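Shown next, in structure tokens, is the structure this report addresses.
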Protein chains: 2
Amino acid sequence: MQDSLTIGELSVRSGVAPSALRYYERLGLIRADRTGGNQRRYARAELRRVAFIRISQQVGVSLDEIRAALDSLPEARTPSPQDWARLSASWRGRLDERIRLLTRLRDDLDGCIGCGCLSLQRCALNNPEDTLAGEGPGARLVLPRPAEDATLT
Amino acid sequence: MQDSLTIGELSVRSGVAPSALRYYERLGLIRADRTGGNQRRYARAELRRVAFIRISQQVGVSLDEIRAALDSLPEARTPSPQDWARLSASWRGRLDERIRLLTRLRDDLDGCIGCGCLSLQRCALNNPEDTLAGEGPGARLVLPRPAEDATLT
DNA sequence: CCTTGAGTTGAAGTGCACTTCAACTCACAG
DNA sequence: CTGTGAGTTGAAGTGCACTTCAACTCAAGG
């Protein structure tokens, strides 16, 4: 078993397209050595980094934040299981929060389905402390909260 | 109390920016009458449509699908509570699925945090039946599954 | 040596959900 | 009548996470 992977191999093993892997490299999320012929060769440890990236994305973390998290790994040595455990644990709150939000939305929706009121002002929508929206222009993944005095009828 | 809202009023009441409301209108998600001076006037019922749109987005539904759902509402009359209940209920499965996915990810992450293995091949990632990814180019919100034989080490 | 599949690059394109802008008009208080 | 703030339009821009493309080179088998 070789100790390095081609981009094609890493792609198959990680389930991430080669183009995405190159993209991750440009963003500084993963790294690769080069052969004499300028081809990428990935250390096996990169497989774990890619796994971490995909998991983090499922949690809802942006590539930029993932990069920051990965930057906190020790550079000198190959990250230990504890290192990975620490990083994974750092998303735990985010994950809990998302699950909590979605669960409440479900419960509220159930309540509203009963009466068809869709009056989620008192339900899912009007919960300022729950919104985690970013600032500035561009697409927003999380929704900004509605006005405090909003009513539906 | 007037029976129609300006775009500014609807914006404040719904918590959605005027630019977004115009965008929704272009996509056919909401509609507005016009005054003599060509300004939009929204019927109060539109407030409920906007609420439905925002809720649906939180569930993870695209605007295109939301439009399709809204198109299924009766055109002749103002939608009844039961109409809204039916639409809301139609997202229920999606919401459950998302919650289930996220919850399993959390559990798996907990397991992996214990050992730092991040070997989510047997955990969160390698679950083909869970992926709901779309096809074609462009950004993907849901992640494609990795190869079946993928291992991490 | 030749072919073939895999890899390389930078630039441009894609899908989504909006926002921003410029140049204009409308509604209404004083 | 005149500001002023709210509204109008189409076109272009934005952020994110990639993908696609063209034109090229590399690696390995026959």
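Quick note on labels: first sequence line is chain A, next is B, and so on, each numbered from 1. Because the structure is predicted, anything quoted here is derived from the model rather than measured.
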Roughly, in whole Å, what's the span from [atom1] in [X] to [atom2] in [N]?
X        : N       : atom1 : atom2 : result
Arg26(B) : dC18(C) : CZ    : P     : 12 Å
Asp64(B) : dC16(C) : CG    : C1'   : 10 Å
Leu10(A) : dT8(C)  : CG    : P     : 11 Å
Glu25(B) : dC18(C) : CD    : C1'   : 15 Å
Tyr23(A) : dT19(D) : OH    : P     : 10 Å
Leu63(A) : dG15(D) : CG    : C1'   : 12 Å
Leu21(B) : dT8(D)  : CG    : C1'   : 14 Å
Ile7(A)  : dT8(C)  : CD1   : C1'   : 9 Å

request  = Could you tell me which residues satisfy side chain to side chain contact (heavy atoms under 4.5 Å, CB included) with Thr78(B), sequence neighbours excluded, listed by chain and number?
outcome  =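 Applying side chain to side chain contact (heavy atoms under 4.5 Å, CB included) to Thr78(B) gives Ala45(B).
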### Task
Using the test side chain to side chain contact (heavy atoms under 4.5 Å, CB included), find all partners of Ser19(B) that sit at least two apart in sequence or belong to another chain.
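Partners of Ser19(B) under the side chain to side chain contact (heavy atoms under 4.5 Å, CB included) test: Ala17(B).
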OP1 or OP2 of [N] sitting under 4.0 Å from any side-chain N/O of [X]?
X        : N       : value
Arg40(A) : dG7(C)  : no
Tyr24(B) : dA17(C) : no
Thr6(B)  : dA6(D)  : no

One should read off an interatomic distance between Arg98(B) CZ and Gln58(B) CD, to the nearest 0.5 angstrom, of 10.5 Å
Looking only at atom types and distance, does a side-chain atom of Ser4(B) sit under 3.5 Å from a main-chain N or O of Ala43(B), one as donor and one as acceptor?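 No, because the side chain of Ser4(B) does not come within donor-acceptor range (under 3.5 Å) of the backbone of Ala43(B).
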TODO: Return yes if some donor-acceptor pair links the side-chain N/O of Asp110(B) with the main-chain N/O of Asp107(B) below 3.5 Å, else return no.
DONE: no
So, are [X] and [Y] salt-bridged, with charged N and O less than 4.0 Å apart?
X         : Y         : result
Asp108(A) : Arg104(A) : yes
Asp71(A)  : Arg67(A)  : yes
Asp96(B)  : Arg92(B)  : yes

Please tell me which of the listed nucleotides, [options], lies nearest to the side chain of [X]?
X        : options                  : answer
Arg22(B) : dT8(D), dC18(C), dC18(D) : dT8(D)
Arg54(A) : dC18(D), dT20(C), dG7(C) : dC18(D)
Arg34(A) : dG7(D), dT9(C), dC18(C)  : dT9(C)

query: With sequence neighbours left out, what residues match Arg26(B) under side chain to side chain donor-acceptor pair (under 3.5 Å)?
result: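 For Arg26(B), no residue satisfies side chain to side chain donor-acceptor pair (under 3.5 Å) once neighbours in sequence are set aside.
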To the nearest 10 degrees, the angle between the two end axes of the helix from dC1(C)-dG30(D) to dG30(C)-dC1(D) (five pairs per end) comes to 10°
In 5'-to-3' order, the base (B), backbone-only (S) or no-contact (-) status of each nucleotide in nucleotides 23-30 of chain C, using a 4.0 angstrom heavy-atom cut-off, is ---SS---
Under 3.5 Å, which donor-acceptor pairs link side chains of residues 30-40 of chain A to any protein atom two or more places apart or in another chain?
| unit_1 | atom_1 | unit_2 | atom_2 | d |
| --- | --- | --- | --- | --- |
| Arg31(A) | NH2 | Asp33(A) | OD1 | 2.7 |
| Arg34(A) | NH1 | Asn38(A) | O | 2.9 |
| Arg34(A) | NH1 | Asn38(A) | OD1 | 3.2 |
| Thr35(A) | OG1 | Gly37(A) | N | 3.2 |
| Thr35(A) | OG1 | Asn38(A) | N | 3.4 |
| Thr35(A) | OG1 | Gln39(A) | N | 3.0 |
| Gln39(A) | OE1 | Arg41(A) | NH2 | 2.9 |
| Arg40(A) | NE | Glu25(A) | OE1 | 2.6 |

Between Ser19(A) and Tyr42(B), which is nearer to the 5' end of DNA chain D once each is assigned its nearest nucleotide?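 The 5'-side residue here is Tyr42(B).
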